[in-house]
There are 2 protein chains.
Amino acid sequence: MSPVDPENAELYSIADLAKEFGISTRAIRFYESKGLISPERLGATRVFRRRDRARLILILRGKRLGFSLRDISDYLALYDADRGQQVSLLAEKVEERLELLEQQLTDLQTTIAELHEIRKLARDRVVSS
Amino acid sequence: MSPVDPENAELYSIADLAKEFGISTRAIRFYESKGLISPERLGATRVFRRRDRARLILILRGKRLGFSLRDISDYLALYDADRGQQVSLLAEKVEERLELLEQQLTDLQTTIAELHEIRKLARDRVVSS
DNA sequence: TCACGCCTTTACGTTAGCGTCAAACAACTG
DNA sequence: CAGTTGTTTGACGCTAACGTAAAGGCGTGA
């Protein structure tokens with residue numbers, strides 16, 4: 001049995017999350033060492049709540065987008081800056097990031113269009129052969 | 001003077017391209033060592049043509065999208081597979097890559113939407129304060 | 001001729017993001 | 001009580017993608 005009480009659906013062990021997201025426990029500990037998540041402790045054992053799980057989802061999405069953990073950390077900071085930060089600074093950071101993402105969106109759409117074109121060419125070749 | 005004759009606008013030195021794209025000559029040599037580009041030689045000196053320059057643009061776009069050089073290499077292979085490859089294999093690879101890119105597109109749109117939301121929240125806070 | 005600027009190759013250094021033991025502890029199970 | 005399973009903290013290893021000298025060749029201009 002998991003060291004975390006399964007009667008409480010809000011709690012996850014490190015192995016639970018690793019399995020759910022198809023990553024290693026080592027990776028999760030590494031993210032914690034970098035300050036991306038900070039699960040509670042039950043003695044020495046990590047205990048993850050919904051918040052940690054949600055952050056993990058954001059982390060993995062960031063990775064799919066090719067961001068470094070450093071970038072993801074910055075993004076998470078924006079994300080949970082509901083209160084506690086200088087709003088002006090926050091807005092600035094958000095704007096910066098949005099510009100990068102929109103550049104990336106353009107790149108992505110161009111690339112997808114090109115692949116569609118390549119696919120089309122390939123099909124034409126099949127037909128005419 | 002550049003070792004490449006400037007009268008011929010089709011030719012670029014390694015420094016020309018490095019400067020134009022804001023990368024190091026080391027990076028360009030590294031890409032060649034990985035087979036992503038293969039400029040001609042004039043003696044020992046690299047001579048880049050339009051094709052090499054075009055490839056470099058694709059490489060840099062791939063990097064902005066967070067792809068590894070290995071991935072970019074695969075992508076380039078699709079790109080110049082106008083002829084010379086098994087069409088069926090080509091189509092398969094294209095399809096694979098398109099799926100990844102469309103996942104990435106979804107991630108990206110979600111992230112952008114979230115940042116817009118955060119920006120909105122921040123603005124509301126300013127107004128109500 | 002000699003310094004300069006740009007080119008080359010070789011090679012070691014560096015950072016990120018984990019993988020992979022190792023050693024030790026805690027709880028359950030037969 | 002021994003064994004299995006899951007946890008912890010080190011600590012060393014590894015690949016990618018270059019950075020950074022070091023040492024030398026080639027052509028030009030004073």
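Order of the sequence lines fixes the chain letters, A, B, ..., with proteins taken first and strands second; residue numbering starts at 1 for each chain.
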* To do: Using atom CD1 of A:I14 as one end and atom C1' of D:dT8 as the other, report the distance to the nearest whole Å.
  => 9 Å
* **Euclidean distance, atom CG of residue A:L42 to atom P of C:dA26 [Å, nearest integer]** => 14 Å
* **Flag side-chain contact, heavy atom, 4.5 Å: B:R70 against B:K34** => no
* Could you check A:R55, A:R26, A:R41 and say which one makes a salt bridge (charged side-chain N to carboxylate O under 4.0 Å, His left out) with A:E32? => A:R41
* Asked: If every non-hydrogen atom of B:S13 is compared with every non-hydrogen atom of B:F48, which pair is closest and at what distance?
  -> C-CD1, 4.0 Å
* Nucleic acid contacts of residues 63-71 of chain A, taken as heavy-atom distances under 4.0 Å to DNA chain C -> A:K63, A:S68, A:L69
* Asked: In whole angstroms, how far is the C1' atom of D:dG6 from the NZ atom of A:K19?
  -> 13 Å
* Structure fact -> Correct closest heavy-atom pair for A:L36 and A:S73 would be CD2-CB, 3.2 Å
* Asked: Which of residues 21-38 of chain A sit near DNA chain D, with a heavy atom under 4.0 Å from it?
  -> A:R26, A:R29
* **Euclidean distance, atom CG of residue A:L17 to atom P of D:dG6 [Å, nearest integer]** => 15 Å
* Grab the CG-P distance between B:L56 and D:dC18 for me, whole Å please. => 11 Å
* Are side-chain N/O atoms of B:T111 and A:R61 paired as donor and acceptor at under 3.5 Å? -> yes
* Taking A:D124 for its side chain and A:L121 for its backbone only, find out whether a donor-acceptor pair lies under 3.5 Å. => no
* With a 4.5 Å heavy-atom cut-off, do A:I37 and A:I28 have their side chains touching? -> yes
* **Check ion pair A:R51-A:D80 (N to O, under 4.0 angstrom)** => yes
